[in-house]
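To keep things clear, I will list the structure first and then write my remarks on it.
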Number of protein chains: 2
Amino acid sequence: MNNGRFPISLHILTLLARAEGSLLSSDFIAGSINCNPVIVRKEISNLRNSGLVESKEGKNGGAALAKPAESIMLSDIYGAVRQSSLLGNSRNTPNPDCAVGRDINTHLEHLYAEVEDVLVNKLHGISLADFSRQFD
Amino acid sequence: MNNGRFPISLHILTLLARAEGSLLSSDFIAGSINCNPVIVRKEISNLRNSGLVESKEGKNGGAALAKPAESIMLSDIYGAVRQSSLLGNSRNTPNPDCAVGRDINTHLEHLYAEVEDVLVNKLHGISLADFSRQFD
DNA sequence: CATTCTGTAATTAATGTTATTACAGTACAA
DNA sequence: TTGTACTGTAATAACATTAATTACAGAATG
């Protein structure tokens, strides 16, 4: 994952945590992140699917946390945005006639699972409340 | 890091570990990875700069490990290829007039440093010898 | 019922990554 | 001493991914 989705989602959630329940519009959030509001709405849509955020349409609509910031762990955010393996994958399928090429993807997957496990454990120890408290 | 550099470098090094000192050509290695030999030469050049590999030009040239596979840790490989933060960065600079926007990059950096630390520790516990033994 | 907002699709623009081409230089071996 | 088989590296092109933009239907409010 080397795109901006994790930091953008964390930014959104930090703003929502600090808004303490009042609805924030995608325009306002985009103004803080300095990105396009459609990107914000897409990320909010994703966070909603993960149960972290709820949103309201129409005039005076916007988004708010779906549960207390104390109970949202950074690992939840990571899980919501994760899409590819942490340390990358080669684009081509390795040569099956080579002892290393044949099995490397299996062993890589195993390694990545182990490594991601320690990362997720670490993130599981930090709540959104912890993170957003730093801005006080 | 979401490109293929880590897996490609690990693939190269695994082949070299198993070659036990005999030189492998970039063409041979590229054949196992199934990528372009120039990519292999570039990665080898990078690994050489990190002191993990040595190579010889000219006829019958090629690459070999610069030190025993037992003393090359996966964290060394990670360090050799790492170029961007693990969990990504937003492309735009956030709004400095917003309490969150103003400080989020500082807090993100701090978080990333902590998280990367546990990842590197994990990788530091696995040697290239450990990894390549799996292919026996 | 005009206004302000979300939700989402479709397109374009920007960026990042890998492949390819090209060629100079090195080492070996006949 | 010259042909051959390699590395090293730059420059470019092809491809993939990511973010921005445009467009518009639909929801809630006053």
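In the text below, chain A, chain B and the rest are named by the order of the sequence lines, each starting its count at 1.
If you measure from atom CG of A/D27 to atom P of D/dT21, you get 12 Å, rounded to the nearest angstrom. With rounding to whole Å, A/K42 atom NZ is found 16 Å from D/dA23 atom P. To the nearest angstrom, P of C/dA19 lies 8 Å from CG of B/N34. Here D/dC6 presents its P atom at 19 Å from CD of B/E54, a figure rounded to the nearest Å. In this structure, CG of A/N89 is placed 14 Å from P of C/dT17, rounded to the nearest angstrom. Put simply, CG on B/L23 is 9 Å from P on D/dT7, counting in whole angstrom units. Atom CZ in A/F6 sits roughly 15 Å away from atom P in D/dA19 (whole-Å rounding). In this entry the distance linking CD1 of B/I39 with P of C/dT21 reads 13 Å, nearest Å.
Contact between B/S26 and B/P37 at its shortest, heavy atoms only, is CB-O, 3.9 Å. Listed here is the closest heavy atom pair of A/C98 and B/L15: SG-CD2, 4.0 Å.
Of the candidates C/dT6, C/dA27, C/dT17, C/dT17 carries the atom nearest the B/Q83 side chain, counting heavy atoms from C-beta on. Of the candidate nucleotides D/dT4, D/dC6, D/dT9, D/dT4 has the atom nearest to the side chain of B/K59. For B/R41, taking side-chain heavy atoms from C-beta onward, the closest of the listed nucleotides C/dG25, D/dT9, C/dT6 is D/dT9. For A/V38, taking side-chain heavy atoms from C-beta onward, the closest of the listed nucleotides D/dT21, D/dA19, C/dT18 is D/dT21. Nearest nucleotide to the A/C35 side chain, out of C/dT18, D/dA20, D/dA28: D/dA20.
OP1 or OP2 of C/dG7 sits under 4.0 Å from a side-chain N or O of A/S55. A/R48 has a side-chain polar atom (N or O) that falls below the 4.0 Å cut-off from OP1 or OP2 of C/dG7. Checking the phosphate oxygens (OP1, OP2) of D/dT18, a side-chain nitrogen or oxygen of A/N3 falls inside 4.0 Å. Phosphate contact (OP1/OP2 of C/dC5, side-chain N/O of A/S26, threshold under 4.0 Å): absent. An OP1 or OP2 oxygen of D/dT9 is reached within less than 4.0 angstrom by a side-chain nitrogen or oxygen of B/S45.
Salt bridge annotation for A/R133-A/D136: absent, with no cationic side-chain nitrogen under 4.0 angstrom from a carboxylate oxygen.
Classification of the A/F131-B/H107 ring pair by plane angle, with boundaries at 30° and 60°, yields perpendicular.
A residue-by-residue look at B/S90 and B/N60 shows that B/N60 has its nearest nucleotide of DNA chain D further toward the 5' end. Where A/E57 and B/I44 each meet DNA chain D at their nearest nucleotide, the meeting point lying more 5' is that of B/I44.
The only member of A/L111, A/I104, A/L87, A/L108 that meets side-chain contact (heavy atoms from CB on, under 4.5 Å) when paired with B/P7 is A/L108.
Base engagement by A/N36 is indicated by at least one non-hydrogen atom pair under 4.0 Å involving a base atom. Backbone-only contact: B/N92 has heavy atoms under 4.0 Å from sugar-phosphate atoms and none from a base.
With contacts defined as side-chain heavy-atom distances shorter than 4.5 Å, the pair A/L128/A/L10 qualifies.
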